[in-house]
Undergrad: 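This is the structure, below, for whatever I ask next.
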Amino acid sequence: MNAPGLVLIFAVAVLYSTGFYLLLQRSLMRVVFGIVILGHAANLSLMLTDHAITLPPLLTGKDGPISDPLPQAMALTAIVITFGVTTFLLALAYRVWLGDDNDEVPADLEDRRIGRLSEPEDSS
Amino acid sequence: MTAGDIATAVLLPLGAAFAFTGTVGLVRFPTLLGRVHAATKPDTVALVLVLAGAAFQLPDPRVAAWLGLAALFQFLTAPVLAQTFGRVAYSRGEISTGHLITDELADAVERSREDDDGDGG
Amino acid sequence: MLLPAILALHAAVAALLPLLADRFGARIFLLAGLPPAAAAVWALANASGILSGAPVTAGIAWAPALKIGLDFRVDGLSLAMTLLVSGVGAIIFGYCAAYFRADERGLGRLAAIMVLFAGSMLGVVTTDNLFALYVFWELTSITSFLLVGHEDHKEQARRAATQALVTTTGTGLLMLIGFIMLGTAAGDYSISGLVADPPEGGPWLTGALVLVLVGAFAKSAQVPLHFWLPAAMVAPTPVSAYLHAAAMVKGGVYLVARLAPGFAEAGVWQALVLSVGLATMIVGGWRALRQDDLKLLLAYGTVSQLGFLTLLGGAGTQVAATAMIGTLIAHGLFKSALFLSVGVIDHETGSRSISRLSGLGRRMPLLAAVATLAAASMAGLPPLIGFAAKEAALEAFVPGAAPSPPPVAAGAMLAGVALASVLTFAYSARFVWGAFAVKPTVAENRAGAPSPLFAAAPVVLAALSLVLGIAPALVDHLAQGYAHALPAGHKPYHLALWHGLTPTLLLTVLVVAAGVALFLKRRAVGRLQNAMPRWPDAEYGYHLFLHGVYTVALSVTRRSQSGSLPVYLGIILATILALPGVRLVAGLITGGIAVPGPEDGLRIWDSPLELLVATVIVVTSIATVREHRRFPSLILLNVVGFGTAGLFVLHGAPDLALTLVLVETLTTIILVFVLRRLPTTFSVRPDGWGKRLTVLLCTAAGSFIALALWLMTAARSGDPVSTGYADRAGEAGGTNLVNMILADFRALDTLGEVVVLVTAAVAVSSLVLLNRRDRVVDESSAEPAVPAPGNAGGTGEDPGPPGTGALALPVHTAGAEAVGGEPAERDPRRGPESDAADADAEAPEAPEAPEAPDESEGPAGGRRGDSEQGEDSDDER
Amino acid sequence: MNTLLAVPVLVPLLGAAASLLMRRAPRLQQGVAVAALTAVVVDTVLLLRVTADGSVITSQAGAWEAPLGVTVVADPLSSLMLAVSAVVLLVVQLFAIGQDIAGLSRAMPQVFHPIYLVLTAGVCLCFLAGDLFNLFVGFEIMLTASYALITQAPTRARVRASMIYTVVSLTSSILFLTGIALIYGLTGTVNLADIAVKLGGAPEELRMVLALLFLVVFGIKAALVPMHFWLPDSYPVAITRISAIFAALLTKVAVYAIIRSQTLLFGRDDISAVLLCVAIATMLVGIFGALVQDDINRLMSFALVSHIGFMIFGLGLNSVAGLAAVVVYLVHHIVVQANLFLVNGLIRQYAGHSSLRAMRGLNTVSPVMSFYFFIPAMSLAGLPPLSGFVAKAALFQAGVGVGGWLVYTALAAGVATSLLTVMAVFRIWVRGFWGTPMPDMVEARERLKRGSHLAGLRFMAAMTGVMVAIGLVVAGAAGPLSEIAFIAGHDLMNGTAYIEAVLGEGAAR
Amino acid sequence: MSAPSDAGAEPGRPVRRQLLGRLVMAVWLTLMWVILWGDASPGTVVAGAGVAAGCYYAARLPHLPVRLRFRPLRIVLLIGHIAVDMLVSSVRVAFHALWRPAQMRGAIVAVPMRTDSDLLLVMVSAGLSLITGSLVIELNREEGVLYVHGTPVSSERSVRHLRRQVRRTEERFVRAFGTQRDIDEFEREEQELLRADEENSEEETR
Amino acid sequence: MNPLDYAYTVTFVLLGAAVLLTLYRLVRGPSVMDRLVCLNAVSVLLVTFIAVEVALRGDHAYIGLVITFALLGFIGSLTAARFAERRAHDRG
Ligand code: NA
Ligand code: NA
């Protein structure tokens, strides 16, 4: 059985929860923070699919179980990808700042316009 | 239990003790600059001691060289950081001047400001 | 295979016509008439063979796997319909050549669509595949939509077209489902096969038939779905004549007649067809009695006649079938003739209103004679074909004459038919009187006689009514070709002028007498009609439907589409909880998912250090959430990263920890650069239920994922595939398995990773470096020089520097943003929100573009007088 | 690696690199970009020919055997999607080039072409991926390219829109990664075929949880209700060429992923009820949204959401005919949606915007354009004899064939949605195309006729016409298309062919 | 207040020397990188150079002119002194941390430096900052004054002790790394300073 | 359990306590600089931990981490501190 210890499961739960909470904020910066934390959470989840305390996946002839290299490789790729995209999001935040002097995600204007309608505009 | 092990068994806890006391200071010192001291210096000592302790466990000159490099690096970076922290803390005005016996920097700043005013006026 | 070729000819000619319109003017209608004429000729040529019981078949495979095939089968009924649709069609095309002015807008398109319509209609009446029937059926809906809306600058035309489209396609969709149910039940989509071997009865069949009949009824303007037909009278008169007299509206009747041999026995069929037909007959006739607009009078008359036809087509007896074919032909001829006559009147006098026409009988004697002849056929007077057909119809419902319907029902039907016939006589008389009589209170119209070519079409059609009336055998031959498929009554019945002194003849006499009385008492009838409350009709229902749909749509959209990103993400989380989350909990409760016990490896930690690292992660991540200043939360976030890296170290993943810290540091550096520009604190929203709900939602979602992870990893049996990597490491020549996976075993992923990184870099640089604030512009996807709609009125002046031309947009410097601004931003709706910061890119606020009065009813519009089109003008002088 | 399978991913990437280097020579860059996409078109058509009979061809990137290396797979479904996508991508690219020639776009061509090719590679990789993590990578390539594209010519509105788009996409990516962790936790593998085999030994309830989680993960990208909100707020704001491709392809990739995962991985378990409910909600909420929109692009985006519901409906039928219908629907919808967005691009040239409130008489302004609009609009509304009708007939037929009250409810919703779609698209026609033309549109037409844009504009129009023609071809070729669709549906329902092609004979047990 | 002694180009400083200083630092960073990766392939070197450049950009590391002598014996002595200082002061601070942290006070004193060499100045301040209890807060290069924060400092006497410690450290660095010119300069300045001190004390005593 | 094991245990306990104390200050603040100092302290402690792991496992794999983490921690802390300084100036 290789279920991870409950302490770590709890940590993962907290990471996901806080990541989600930050994601649900208006400030794009906090959203970025949320995504960073969620990235940690996802990578941690990948890691936890394997026995916890192990040697690194190196073929050095040491005894003892080595850890599963595949989740590590996947997490590595994912970290880099998330980094690239996060950087883009930050550039976007910069761009928003150029326009608004703030980094808040404003509500969609057309949605708000329609939200204010009380009668259909045309039912012809 | 070899001599190396003994060295390790001494150095590691010693280093950890330094780290611990440093962080105790970090928690307990009332002034920001005091906390900067406590956070940056003992940690360096601790790290160097632990690195030395680790070197005894891997009796390999290459490894020792690496660890030595790490220690050297720590020696180089720690003061830079400490100084930066101190300067920034001072410049942000976040230090509690009540705990200072004397502040000759403030005097200097005051003087230079007067000079500036004199020039300007 | 000639029939598909003729259909293709329709399409080909239609494609050609818009190109030729400029050169030939209104004469292109003569060209447009060729395909229908060809179809009529083809039908006549094959008539004898078909009527002798050998239907012509052809087929083109389309999507056999889906059982959609363009199969054709022309039998007696199809032949009759083809002659009507294509024959009358060809005549109407000729009429069009005289009716339309050469410089009329969009003549080529109109002609093309009419040809397409003719082709679609031909397809409807000749196809043998249910799907193909639906295809042609909907094509007639679309083409008629375009035809009704031909004069699209008129609001009324647009409304009527939409109404017709929505009604017919909506019900058409129901019909499609009905077809599919029938086809699924029968295992075959061939109509002939279906009718020959109908599927077993039952609720399934009932449902299918109801759906099919709804489609048929809507198409044939049966009560209560009849409202679209009078409204569609805004179409040019020849179009009305074709669509609403001869062709499209017959589609439903045709379908009823087509399926009757197979399904007339089904209870629901009889009940629906007979009751709806009867109601339509009477309602249509009654409404026709009070119309002021001649075209509308005819339209309601058509509704009534369609009810009549439905009744006959659905009755499912030989006599009724014979009467149906007779009425079909008769109606096609007299109603087209009458419509075309109204077109002539309208064309010459500029009006179609009974209250404004007077003395036309004197001015246009030929037209008056023709119209009277046609009206007589409509009224069922001998020796016209209409009489023969009505005789047959009355005969069909003489109780006991046929095995079905049962005598009581038949009696009721007979009474209904007689009543409708009275009404028909009355409004026929009223039509003739209204169009041609001299009315003392109305000034006489001064109109010249129409040109011979113009009058030719009504003359031909009326003459045919007379010829076929005198020699009903011609029609009877056709009718028997269809009727023989139905159960025979006591004795064979044939269309004829004289059957002897039968009860039906007596009934006809009574009908005529009552009709005359009704006509003479027209003022009293008018008062009665006005006095009667207007019951909520289906048109009201249609508007209610529309309003309801839009109201529901608006409220759904208002509630769901909030435009707020946090709300969207919250809903996504809620969905996770609602779908997999609930499933997981359900599994735990029911025991379908086992909770690992101590013997399965349940444990708190593998090393106390995990507790330490977990504490760091938990404390700092929660602190990050609670921190409202940007910079401190960045620091806390960094520590979360360090904690995670520590865990990776602990778990034997040094490469991962390394990468994580590297990325973390880079992110921090970038963040610091962005942070420098932003306010110190995040905007804080007050605590409240919203926040508590958010916390609850996020905690639940996070817990679900962690719990799932725990249960999934605990449930794994067997080693992961990655144990295979160690064995192959030697082959690949490396020791670090992670590196080898990245560089060799799964190099494709790494390639993708690099691509992502490079792409992100390009994206970032194009966002940050290449487009500085001063270059915030749009694709001038719009063409730059076009001013915003809002200020269009004022910009007749110079759109740009002379010489460069307004479109030389890159040349513009200062004005580029203002002139070449972006359409999205110039969009009037965005006006109010645009703020000063982007004023250079977003044009100044454009006022709401008003729904300008686009019903440019110029004097040209009066020529056909369609503008006076009004619903139910009750007043009569 | 099999060349046929390698070309759709590698050639666009090489093309992207080359065109990035050639950004100072626009003509050369265009040439390279077009050449790369043409190669992909040719390759994918050949691939379709090979797999049309139901054969599955696989290849191991890096030559390591199946569960260890990355598997690339082409079966009838993926080949069909590849071929259609490639053709649409090429036509839209040519449209964009026309727009650049006309000087009617402020998108940066030097960046556009490379990223567009990256997007192509990402889309193709998604269709070919035989490995869950590789699918994730494909998604990320596609999404990153889409982030870059949606911010082309960044105005405030676009930046705002791309924020919503990026954050929601990132969320789905993170959830995808989480899902991979869960699957790996349960099965210890990421190879799709291998997962399919190993999930057989897993507890059913856990499989269900995974099935639903992946429905959500891909459902976000596919814009299934209630996770659709982001789409109408982001797609319409992008520039024409981008929104055309986004609307046509990106959601379809997600639908493809849903189909693949729900059949191959979770085919044992039946989540039809959930799928049907989601389908009903998606169809109705989407089309309701479309009805009240004022902006053509937004209207089309809501309609897009709605019609994704039809595809999920087909999937929820859990039958060969249902899946075949989905396949037909996918092909139809890709072409038609791209077509409509291209026409909207043309409309903007005349109207300067896409708001129906200030639009009249396009029919008179440009009859050709109105023809180009009318045909796909009819097709979208499911009216015969166009591809939309074929797709809908297939779908309804499959639905009636399956039966059950939930299916009937979905059928009713489908019928209602079809009618409302008619109302929505013909609302554009009636309000935008009919009526007396707005004076500034007439003016715009005159300017466009005289200006230097004419050649480019004609080229754009020609490409739109080509797209219309492709739509007609799809309708005309409904026979072979539906045949392949049924083969694909059969393969999907069965799964053995796929698994054995990847893991070898007998692997499917 | 005076500007922080940032790396900003000071007027009058030869550009060539600036570049040289940067180059040395960059080479050092690159070398570190190469060592880290454990191989010296061209790719690693290039990457290292990139990282070095990045570090420069990110941190604006100061560029230093290289004008040093190395006296091994003195250096060993220096290291020894610093090591002892580090340990002793760490223990002192630790004691305070555990015992009576609230009463720990500090002082910021200005200590005029006797050497003119910027590099030596930086080294001195680094050396001071390494030791627990002393921290250079400000370095005024123009006037050659270090502003040092010391702790624990509780009285005038400990302030004087702090000054003495700073000066001793300076002397050790100069003698270990300074060129002969630096040492001569240092000694001259020290004489002046001593004279001034004497005068002061004489004035005080009078 | 040999003395070395005791040594490791003591080391881990002390370092763990140090981490927790740092965490306390990190969360409490109050000033930004406090947090910054703690950030640096955490990164140094992490490096120290890794060094102990190196000793414990006798494993070369982690030695690279020691130096890299030290370097990255330094860069990160320095950047952040510079930012904090600039912020102060901006406000001033
Ligand atoms: Na592990
Ligand atoms: Na399933």
Side-chain angles (χ1 to χ4, degrees), chain A residues 1-3 5-9 11-18 20-21 23-24 27 30 33 37 40 45 47 49 52-59 67-70 72-73 75-77 79-81 83-84 87-88 90-91 93-95 97-99 103 105 107-109 111-112 115 120 123, chain C residues 546-547 550 554 558 561 563-566 569 596 600-601 603-607 610-611 614 617-618 621 625 637 644 652-654 656 659 663 670 674 677-678 682 694 698-699 701-703 705-706 709-710 713-714 722 729 735-738 741-742 749 753 756-757 760 763-764 767-768 773 833:
Chain A
M1 294 310 278
N2 55 319
L6 291 178
V7 165
L8 292 184
I9 288 297
V12 168
V14 171
L15 274 182
Y16 271 109
S17 305
T18 51
F20 285 145
Y21 185 86
L23 205 60
L24 262 57
S27 160
R30 293 191 99 183
F33 288 179
I37 288 188
H40 293 333
S45 303
M47 286 302 303
T49 59
I53 304 298
T54 40
L55 294 173
L58 300 172
L59 302 176
S67 47
D68 186 344
L70 188 51
Q72 292 190 21
L76 254 169
T77 307
I79 288 177
V80 175
I81 288 177
F83 167 68
T87 312
F88 171 80
L90 284 172
Y94 168 77
R95 201 74 216 193
W97 167 79
L98 282 186
D103 67 334
V105 188
D108 189 87
L109 296 180
D111 286 338
R112 270 168 39 200
S123 36
Chain C
L546 273 194
H547 191 260
Y550 277 96
L554 184 62
R558 273 170 65 197
Q561 197 74 17
S564 155
L565 181 59
L569 294 170
D600 305 318
R603 58 198 184 282
I604 308 296
W605 59 56
D606 290 300
S607 145
E610 285 182 355
L611 182 62
I617 291 175
V618 167
S621 60
V625 166
L637 182 77
T644 315
L656 204 48
T659 313
V663 161
I670 298 169
V674 178
R677 325 220 173 228
L678 295 169
F682 302 114
T694 311
C698 295
T699 312
S703 308
I705 292 177
L709 179 70
W710 187 55
T713 46
S722 49
T735 54
N736 185 333
L737 287 179
V738 175
I741 291 175
L742 290 175
D749 292 343
E753 169 193 323
V756 167
L757 217 50
V764 168
L767 258 185
V768 176
R773 186 175 205 158
E833 269 96 353

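Just so it is clear: chains get the letters A, B, ... in the order the sequence lines come, proteins before strands, and each one is counted from 1. As the structure is a prediction and not an experimental result, all values here were calculated from the model.
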Undergrad: Side chain, backbone, both or neither: which part of C:Leu569 has a non-hydrogen atom closer than 4.5 Å to chain A?
TA: both

Undergrad: Side chains of C:Pro596 and C:Trp710: does their closest heavy-atom pair fall under 4.5 Å?
TA: yes

Undergrad: Could you work out, with side-chain contact (heavy atoms from CB on, under 4.5 Å) as the rule, every residue matching A:Thr87, not counting sequence neighbours?
TA: A:Phe83, C:Ile670, C:Val764

Undergrad: Who among A:Val12, A:Thr77, A:Leu23 has the most heavy-atom pairs with chain C under 4.5 Å?
TA: A:Thr77

Undergrad: May I ask you to name which of C:Ile617, C:Thr699, C:Leu709 has the most heavy-atom pairs under 4.5 Å with chain A?
TA: C:Leu709

Undergrad: Is chain A contacted by the side chain of C:Leu611, its backbone, both, or neither, given a heavy-atom distance below 4.5 Å?
TA: both

Undergrad: Going by ring-ring contact (aromatic ring centres under 6.0 Å, His included), name the residues that satisfy it together with A:Tyr21, two or more places apart in sequence or in a different chain.
TA: none

Undergrad: Which pair of non-hydrogen atoms, one from C:Ala653 and one from A:Met47, has the smallest distance, and what is that distance?
TA: CB-CE, 3.7 Å

Undergrad: Answer with side chain, backbone, both or neither: which region of C:Val618 has an atom nearer than 4.5 Å to a non-hydrogen atom of chain A?
TA: both

Undergrad: How many angstroms lie between OG in C:Ser703 and CD1 in A:Ile9, if you round to the nearest 0.5 Å?
TA: 11.0 Å

Undergrad: Report which part of C:Ile705 has an atom under 4.5 Å of a heavy atom belonging to chain A: side chain, backbone, both, or neither.
TA: side chain

Undergrad: Heavy-atom pairs under 4.5 Å with chain A - which of C:Cys698, C:Ala706, C:Ala729 has more of them than the others?
TA: C:Cys698

Undergrad: Any chance you could measure A:Arg30, atom CZ, to C:Leu637, atom CG, to the nearest 0.5 Å?
TA: 11.5 Å

Undergrad: For chain A, find which of C:Leu656, C:Thr644, C:Leu565 contributes the most heavy-atom pairs closer than 4.5 angstrom.
TA: C:Leu656

Undergrad: If we define contacts as heavy-atom pairs under 4.5 Å, which of C:Val756, C:Thr694, C:Val738 has the most with chain A?
TA: C:Val738

Undergrad: Looking at chain C, which one of A:Leu15, A:Ile81, A:Ile37 has the largest number of heavy-atom pairs inside 4.5 Å, strictly under?
TA: A:Ile81

Undergrad: C:Asp749, C:Leu737, C:Leu757: which one forms the most heavy-atom pairs within less than 4.5 Å of chain A?
TA: C:Leu737

Undergrad: Please name the pair of heavy atoms, one in A:Val7 and one in C:Glu610, separated by the smallest distance, quoted to 0.1 Å.
TA: CG1-O, 3.9 Å

Undergrad: Go through A:Ala91, A:Ala93, A:Ala11, A:Gly84 and name the one with the most non-hydrogen pairs under 4.5 angstrom from chain C.
TA: A:Ala91

Undergrad: Strictly distance-based, threshold 3.5 Å: is any side-chain N or O of A:Gln72 a donor or acceptor partner for the main-chain N or O of C:Gly652?
TA: yes

